[in-house]
2 protein chains.
Amino acid sequence: MARTGRPREFDKEQTLERALKLFWSRGYGATSIQDLVDALAVERGSLYGAFGDKRRFYLEAVRLYWEVYERHLLTALDTSPLLPALREILTHPVRLDELISDAGVPQGCLVGNTTAELVPQDSEATEIVTHSYRRFTDIVTDALRRAQAAGEVTGRAHPEAQARMLLYLVQGLSLVSRAGSDTAAALAAIDTALDGLRA
Amino acid sequence: MARTGRPREFDKEQTLERALKLFWSRGYGATSIQDLVDALAVERGSLYGAFGDKRRFYLEAVRLYWEVYERHLLTALDTSPLLPALREILTHPVRLDELISDAGVPQGCLVGNTTAELVPQDSEATEIVTHSYRRFTDIVTDALRRAQAAGEVTGRAHPEAQARMLLYLVQGLSLVSRAGSDTAAALAAIDTALDGLRA
DNA sequence: CGACTTCTTGACTAGGCGTTCAAGAAGTCG
DNA sequence: CGACTTCTTGAACGCCTAGTCAAGAAGTCG
């Protein structure tokens, strides 16, 4: 029976969220433990006690990121007609208004950033990233299948192929937007792709 | 008048190319000067003498990367019909056979990787990356304009929007492929997008 | 209260990092 | 040859890094 000791003074979940934002904007390598200590107002020892080493801390943040995103994806795509919802999802990276981004600039997708920086060197990172991509395509494939059946989306291509195209599209948009976004141009590009899906 | 001193013993261009490959596969942060010294067989001091510090060295490699890519792009798209050539360009990241990749695995696009790791922290990196994206869309836009005029590509969307969509697509494919590529699925996704461009 | 457990704090360690530099080698030029 | 310039080599420097740890604080439970 676990005798409980001194209770943790900081909110672990909230600290992870804040660390996520820092990792998201600066990347893994460029974020030092000292940066985290300063930004989170939690001492080094406590961080190590709660999250293990830096790598585990980061990977945990990526997992949380994906978890939140996946939930958003599932609820957003559970609708008909599908294409407006899809447009919402795809253009999300350049619509800074909502969600987690503090800085006011697009920071790309944390999964994508991880892919660039840690994959394929780090096998655990590769696992997380691969899982996320897989989940994305599965969820979008299901939605497209329904939309094809409803006659909203063209059946000229398999929904798997369409979903994967959308994965590439959203990852590309997320990445490129990090370098500064011309929102109008981005929307036009997304709409061009979506037009190709229309029945 | 520049009195010439002791001549450089290593080939600067070739050394830069080899450094490019290392940076490409490991990323900026994960590649140490010592790694470079070991892999290039050039002593630290000589590297600093020839290329300046690590950051300049890296940025120079990114510039070279883009220069080579742009040349390839220009010659490949100067043709009609356009779509087969476009397909060649877009699927390049997963066709490991040719070009620079040694490791035998897709390593993404160095410009994209730089976007994830250094942008927007580093303004010079941001400049290079922005320039590359701009050149890509300009070149592809021109090609699409011609193909629209020839009746090969649909005029339902502006060529600028189509080009930008293709930029997102190729960047997304490059990135995602780093995590392991299902070549057939990737090709199907690309073809789905290209079908949407057909007149 | 006193035994026990866990968390906090911040100084500390060891190592790796990017970068510098002095001494010598290898050229050119007068 | 001797003056001059540039490149090479590798040791050395200082800094910053991730990670540890011992001492004390803050709880729970018998």
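A, B, ... follow the sequence lines: proteins, then strands. Residue 1 opens every chain.
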Separation of [X] atom [atom1] from [N] atom [atom2], in whole Å?
| X | N | atom1 | atom2 | result |
| --- | --- | --- | --- | --- |
| Arg56(B) | dG18(C) | CZ | C1' | 15 Å |
| Asp35(B) | dG16(C) | CG | P | 12 Å |
| Asp53(A) | dT20(D) | CG | P | 8 Å |
| Arg55(B) | dT19(C) | CZ | P | 10 Å |
| Ile33(B) | dC13(D) | CD1 | C1' | 16 Å |
| Tyr28(B) | dC17(C) | OH | P | 13 Å |
| Asp38(B) | dG10(D) | CG | P | 13 Å |
| Gln34(B) | dA11(D) | CD | C1' | 13 Å |

Nucleotide opposite [N] in a Watson-Crick or G-U pair, distances under 3.5 Å:
| N | answer |
| --- | --- |
| dG14(D) | dC17(C) |
| dG30(C) | dC1(D) |
| dG24(C) | dC7(D) |

Can you tell me if [X] and [Y] form a side-chain donor-acceptor pair at under 3.5 Å?
| X | Y | value |
| --- | --- | --- |
| Tyr133(A) | Thr115(A) | yes |
| Asp38(B) | Gln34(B) | yes |
| Asp78(B) | Thr75(B) | no |
| Tyr65(B) | Thr114(B) | no |

Start with the C-alpha distance between Asp122(A) and Arg55(A), add both sets of side-chain angles, then the distance that settles salt bridge (Lys or Arg N to Asp or Glu O under 4.0 Å), and finish with yes or no.
-> CA-CA 10 Å; Asp122(A) 186 315; Arg55(A) 189 173 148 277; 2.4 Å; yes

Taking the six-membered ring of Phe51(A) (Phe, Tyr or Trp), confirm whether the NZ or CZ of Lys12(A) is under 6.0 Å from its centre and within 45° of its axis.
-> yes

Within 45 degrees of the axis of the six-membered ring of Tyr28(A) and under 6.0 Å from its centre: does Lys54(A) put its NZ or CZ there?
-> yes

Given dT19(C), dT28(D), dG19(D), which nucleotide is nearest the side-chain atoms of Lys54(B)?
-> dT19(C)

The nucleotide from dG18(C), dT28(C), dT9(C) with an atom nearest the side chain of Glu9(A) is dT9(C)

Pro7(B) or Gly29(B), whichever maps to the more 5' nucleotide of DNA chain C | Gly29(B)

Given dA25(C), is OP1 or OP2 found less than 4.0 Å from the side-chain N or O atoms of Arg6(B)?
-> no

Would one find a side-chain N or O of Ser32(A) under 4.0 angstrom from OP1 or OP2 of dT17(D)?
-> yes

Of residues 40-52 of chain A, the positions that come close to DNA chain C - non-hydrogen atoms, cut-off under 4.0 Å = Glu43(A), Arg44(A), Gly45(A), Ser46(A)

Checking all strands, does Phe10(B) fall into the base, sugar-phosphate, or nothing category for heavy-atom contacts under 4.0 angstrom?
-> sugar-phosphate

